[in-house]
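Predicted model only: the values in this text are computed from it and were never measured. Naming: A, B, ... by sequence-line order, numbering from 1 per chain.
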Amino acid sequence: MRARVLVRPKVGILDPQGQAVERALPALGFDGVREVHVGRLIELDVPDPARLPEMCERLLANPLIEDYEIVPEPEAGSPG
Amino acid sequence: MRARVLVRPKVGILDPQGQAVERALPALGFDGVREVHVGRLIELDVPDPARLPEMCERLLANPLIEDYEIVPEPEAGSPG
Amino acid sequence: MSPPDTAAAPWRELGLTDSEYELIVEALGREPNRVELAMFSLMWSEHCGYKHSRKLLGRLPTEGPRVVMGPGENAGAVDVGEGLAVAFKVESHNHPSAVEPFQGAATGVGGILRDVFAIGARPIAVLDSLRFGEPDSPRSRYLLDRAVAGIGHYGNSIGVPTVGGEIYFEGPYEHNCLINAMCVGLADRERLIRSAAAGPGNLLVLMGASTGRDGIGGASVLASAELEEGDEAKRPSVQIGDPFEEKKLLECCLELLDLELLASLQDLGAAGLTSSAAEMASKGEVGIDLDVSLVPLREAGMEPFEIMVSESQERMLAVVAPERLDAVRAVCEHWEVRATAIGRVTGGDALRVLDGEEVVGDMPVRALVDECPLYGLAPDQSARPRYPAPAAVLPTPDAPAAAALLALLASPNLASRRPVFEQYDWLVQSRTVRRPEEADAAVLRLPSGSAIAVSIDGNGRRVAADPERGAAQAVYECASNLACVGAEPLGLTNCLNFGNPEKPGIAWQLERAVDGLAGACRALGVPVVGGNVSLYNEGPDGPIYPTPVVGMVGELPDPANAAGLGFAREGDAIALAGRHAPSLLASELARLRGEPVPETLPETDVDELLRTLAAVREAVRAGVAASAHDIAEGGLAGSLAECCLAGGLGAEVTLTPSPTAPLPPAGERPAADPLTALFGEGPGAFLLSGEEAALRALPCEVEVIGRVGGDSVRVLSGELSIAVELADLRAAHDSGLARCLG
Amino acid sequence: MIGVVRFPGSCDEVDALKAASLVDEARILWHRDTDLSGIDAVIVPGGFSYGDYLRVGAIARFSPIMGAVARFAAAGGPVLGICNGFQVLCEAGLLPGALLPNAGLRFVCRQLELEVVDAQTAFTRACEPGERLSIPVKHTTGCWFAPAAQLERVRVVLRYAPGHNPNGSLRDVAGVANEEGNVVGLMPHPEHAVDALEGSTDGLRLFESMARVAA
Ligand SMILES: Nc1ncnc2c1ncn2[C@@H]1O[C@H](COP(=O)(O)OP(=O)(O)O)[C@@H](O)[C@H]1O
Ligand SMILES: [Mg+2]
C-alpha cells in the first residue's frame, strides 16, 4: 500500500519554522495567515500497513516532540 | 480555512532523505518498504484559500525542484 | 521510611527533603504557596544551589593577576592585553541530551553561548567534550550521531566556530552520556558587564523568545487540579533550540551594551526567570517585582508558576533605566527581537511575583539564593565504585606490536575525529589559525596580532583509577596541548561530571578529584575562572567514570609560529622531551586488552613537567620545534603515528628500554619494558621535530630518538619492532570513528 | 564600494566584508535597505538567513534589499552569492538551478580543490581557465541541480576538482553564473581563503576579479 505519514511538531513545542513562514507572508502580500506549522511529509510503499504506527514511533517521527498521522494515499486507497 | 500543503521532491530529483529512510528501515526489522520520499508539510489558517496556489508557487515550494498539493484539512473541509 | 506521600507533601516530588521544606517555612514564616514552592525547589536543587559541591569548590584557586572575572559570574574572563579580555566557560547538558540528543546538545550550546554574551563578550569559539558508551551499542551510535548533529546545528547556524573538542567511548557512559560544551568569547575589557541588578526603579526587560512550557518537567506536579487527567503526558518538557532567534538576540544584546543602554544583563538558563531574577537581585542586594501577566507567552493558559520556571530557550533579562527604555526598544526592533518590560528593581529585599494586581509569590531573595542548605560529603575510599572490565579487543594480549598500534589507531578513542569535526564550521569569523587535528590546541588570532589557544580534556578512566592524579592529569594535558602551540595558560574552566555525591564512594571521587584539580592549578599557577557541576550521572549499571572536564585558555605572541602536530620536513630529528614515565596502567592498550580499571596511577614529577612545558613552549615560539605533540592516549607509538599521519611523512625511531625495567636511581629517567615504552602513557612528555642540535639544547630532559622520513613508521623498542606503511596507518585511523557514524 | 548584504541570521558577512576590504572599500547593507547608490558590486554572503527555515534562501529572497539587488543585477551590476547567498540568488531566479541537501545529508566543512571553468565572469576575470583553487566549503544544502532543459545553457564557473565533490552536485558544479556573467554564485567560501595563516589565499582571486569590475 502507498501511504503518507504527516509529521508535525507537538502542540506546545516551539516551531520556529512555522513562525518564520508566518512572519514572512505579509511582506509577500498574504495577510491574515495564522497558525502556520511546518512539519514533514513521508510517502512510502509499505507491504504491511499495520506496521506503520511502529515505524513512525521508531524512525519516521520523534515521539517526544512530534505527532504523526498516517493517511492512506487517495489514489491508492485500496490495501496493497 | 485550515489547509495543508504537501510539498515533495519532483519525480526524478535526487531525494537523499528518502533514500536514507529506505536504507534505515530494514535494520529496524521493516522489510520491503519502497519508494520512500521525504517532503514538507505546511499547515496553516488562510483567510482566502483561493490564494493558496500563488503562496505555494512563490514561497512554500520551489517549482523547479518540488511539486505541491493543497489539501483542505479534513476536520475543516468546508471552505472558510 | 514510608513512601513519599506526594499529595500531602508535594515538596518531596519536587526533590526537597522534609527538613528543607521546614527551612522554607521558617524563612517565609508561613507555608509556601505553589509558586513559591516551585521556585524554592529549583533554587534549592543541586543544579542551582550546588548543595553538595559548593563547599568543595572553595578549594580551587581562583585568583591571578590576569583574572578579570572569576567564578560567580555567567562566565569567567582573563586579560589578554591591549584592552581585550577573553571570557569562557564549560557547561554540561547531560540529562537533556540523554532524553533527546539533538535538541539536548543543541540547547547545551545555545545555553553556554548565552552565558558568554551575557557578560558582554562576543562568542568566538565553541569546544565540545562528549562521552558515550561503547560504540558497538546502537544507542551509543545514535546518541553520538544526534548529539554531534545538534552541536553543529546550533553552532554552525549562529556563526560561532566549533574549533575543538574530545570524545571518549567507555562502557560506564552507556546509560548516561556526557555532553559538555565550552564557549570562548572576546570583549573589550571595559565592556564586560556583571549581572547584579542595580538602581531601584529601574526596569526589568525580558528579551528574546516567548515563554512556553518547555522544561517544566518535575514542577508540573504543581499544576492545578483543573487540568484533566492525562494532560501531563502531553506537556512537552523537551526544550527546543532556535539558533536563529539566538543569533538576533546575540547581536542585539552586544549592540545594547555597545551603546551602554543596559545596567545589567543575565541569561535565562536552568530554572528560567526564577533563577535569573533571584540571582540578579541577590548580587545587587536589591528586591525585584516581576509581573508574570506581562511575559509574552507561546501558549495560552500558563499558570504563574509555569511562567516562573519555564526553561524556554533564547531569552535574556536586562535591567534598564526607565529613560533608556525607548532606546532599548529601538535597538530590539532593528534586530527583530521582542523586548518587554516585565518588572522593576525595588529597594526592598524581596522577590515578588505578581499576576497583574495580585501578589502570587513573595520571598526574601536571601532565602532563595543564599539560604539553600549546603551539605558536607561523607567520602569513603573503601566504597569506591568498581567498574566492570571493558571487553578485550586485541586478539591476544601479546599481539605483535604493529597489530597493537593499528588496533589502537582504529579504536574509537584514538581514531581520527574528522567525521565529527567536518560537521562543525571551524572557520567562520576568520580567526582559526590552527584547525582541528592540525595542532594539539586550536589557535585563534586576536585583533591585536597575538593569539589565544584553547583545549579541552578529561580522561574519565584515568580519574576512575586515581581521582586525584587523574584529575590533575586533565589539567596537565590541557597545559601540554597549549605548550605544543607555544601558548602559556591564562585560566581554566571545568565541568565536574560525577555520580550521586550522597554515596560515600562517589563523594570520595569528587573530593579527591577537586583536590587534584586544585593542586595542578596551583602547581601551574593557573586560576580557575569558572565551571559547572553535573552530579547524579548514574545508570542502572552504576555511576559514570568520574569525569572532570577541563577547558583551558592560553596566549601566544605570534600565531604564525604555532606548531602543528604533524612532522614538517624529511630528515628532521625527532626528540622525546620531558621525563617520559610511561605506564600501561589505565592506558588505551590496557583497555584494548580488556584489563579492568586499576586502583592507582603513578605519580608525576611536577617540577620536571613545569620545566618541560616552558621548554616546549619556548621551542615552539622560537621556531626550534617544527612540530610538537604531547604523548597521550596510545603512548609514544600512538603519538608518533599521529605526527606521521598529520604531516604525511614517515619516521624511524629507536627506543632503548630495559627488558627488566628496574627502578631508576633518583633523578634519572625511569626505564620501561619494551611494550610499556611503546604504548605506556603518562603526562609530561612530548615529541618534537626539528634541527637536532637545537632540540638537544632544550632546557629540559631531552633525547633524540629518531628521524622523520619515508613512507612508513618504523620503531624499535628492545626486542619489539614495528614497521607499518603510512597508508595502512591512515586506513586504520580514518576508519575508527567513521564506522561509528555509519 | 562593495556592499555586503546582512540578513538576520547572516554569519559570514563580516568575513566577506574583511575580504572585500582587501581589494576595495566595502560596507554592510542591511536587508531593509533598498538604496544601492554608490555601490559598485554586491556580495550576498553566507550564513543562515532567516534560520534557513522552510527552505534555504526561500525567505531571504523576499527581503526588501533583494528587489534592489535584482534591479542592480539587471542593470549589469556585479553580484556575488556565497553559499547561503548562492542559495538566495537561485531562489530569487537570478541564477539558474537550485540547491538540494548534500548527498550525505550532513553538514560538511572541508578545505577542497576547485577548478576554474569560466574565467570571463565578473568574479573570475583574474583567474586562468583550468586554474586550481584551494577554498573551503561548509554547508548542508549545497548539491546544485538544474533540470535537463536548463542545464545545457548554464554557465558553469567553478567545478569541484575530481574526487573533491562534497555534496553530490550535478556535474561537480561548485559555482554558476547568469548568461551575462555579472551574477555569480558558488558554494565554497572565497572569503575564508584570503590569508595564508588560515590555510589559503586562493579566494583572493575572486575578490581581485571583482575589484577590476568595481574599479
Ligand atoms: N568532539 C570534537 N569536536 C571537535 N573537535 C574535536 C572533537 N574531538 C576531537 N576533536 C579535535 O580532533 C583533534 C584530535 O583530538 P584528540 O585526539 O582528542 O586530541 P588530544 O589527543 O590532543 O587530546 C583535536 O584537534 C581536537 O580538537
Ligand atoms: Mg594532546
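Annotation: residues 46-56 of chain D contacts chain C through D/F48, D/Y50, D/G51, D/Y53 [non-hydrogen atoms, separation under 4.5 Å].
Neither the backbone nor the side chain of D/T140 comes within contact range of chain C; no heavy atom of the residue lies under 4.5 Å from a heavy atom of that chain. C/A560 touches chain D through backbone and side chain together, each having a heavy atom under 4.5 Å away. For chain D, the nearby parts of C/S430 are the backbone and the side chain; heavy atoms of each come within less than 4.5 Å. Contact of C/L250 with chain D is not made at all, since no heavy-atom distance falls under 4.5 Å.
Considering all non-hydrogen atoms of both residues, D/H192 and C/Q429 come closest at CE1-N, 4.1 Å. In terms of heavy-atom proximity, C/K247 sits nearest to D/S10 at CE-O, 3.0 Å. Annotation for D/G199 and C/R435: closest pair CA-NH2, 4.0 Å, computed over non-hydrogen atoms.
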Discussion item. What verdict does the side-chain contact (heavy atoms from CB on, under 4.5 Å) test give for D/H189 and C/L427, after you've listed the backbone C-alpha separation in whole Å, the side-chain angles of each residue and the deciding distance to 0.1 Å?
Written reply: CA-CA 10 Å; D/H189 285 263; C/L427 50 75; 5.5 Å; no
Practice prompt. Give the intermediate values and the outcome of salt bridge (charged side-chain N to carboxylate O under 4.0 Å, His left out) for residues C/R434 and D/E198.
Written response: CA-CA 7 Å; C/R434 290 291 173 269; D/E198 286 171 54; over 6 Å; no
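In this structure, D/L197 CG and C/R431 CZ are separated by 14.0 Å, a value rounded to the nearest 0.5 Å. Distance CZ/D/F7 to CZ/C/F244: 11.0 Å, rounded to 0.5 Å. Expressed to the nearest 0.5 Å, how far SG of D/C11 lies from CG of C/D425 amounts to 8.0 Å. Here the CD-CD distance, from D/Q111 to C/E438, works out to 9.5 Å after rounding to the nearest 0.5 Å. Here NE2 of C/H153 is found 12.0 Å from CZ of D/F107. Values are rounded to the nearest 0.5 Å.
Contact of the D/C109 side chain with the C/Y424 side chain is not registered, since no non-hydrogen atoms from C-beta on lie closer than 4.5 Å.
A salt bridge links D/R32 and C/E336; the closest N-O separation between the charged side-chain nitrogens and carboxylate oxygens is under 4.0 Å. Ion pairing between D/D195 and C/R445 holds under the 4.0 Å rule for side-chain N and carboxylate O.
The residue among C/D242, C/T432, C/V148 with the most heavy atom pairs within less than 4.5 Å of chain D is C/D242.
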Only distances under 3.5 Å count here; give the side-chain donor-acceptor pairs of residues 97-105 of chain D to other protein atoms, sequence neighbours excluded, each with its distance to 0.1 Å.
{"unit_1": "D/N102", "atom_1": "OD1", "unit_2": "D/G142", "atom_2": "N", "d": "2.9"}
{"unit_1": "D/N102", "atom_1": "ND2", "unit_2": "D/R106", "atom_2": "O", "d": "3.0"}
{"unit_1": "D/N102", "atom_1": "ND2", "unit_2": "D/H139", "atom_2": "O", "d": "2.9"}

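The number of heavy atoms from other shown groups lying within 6.0 Å of CD (D/E25) does not exceed 12.
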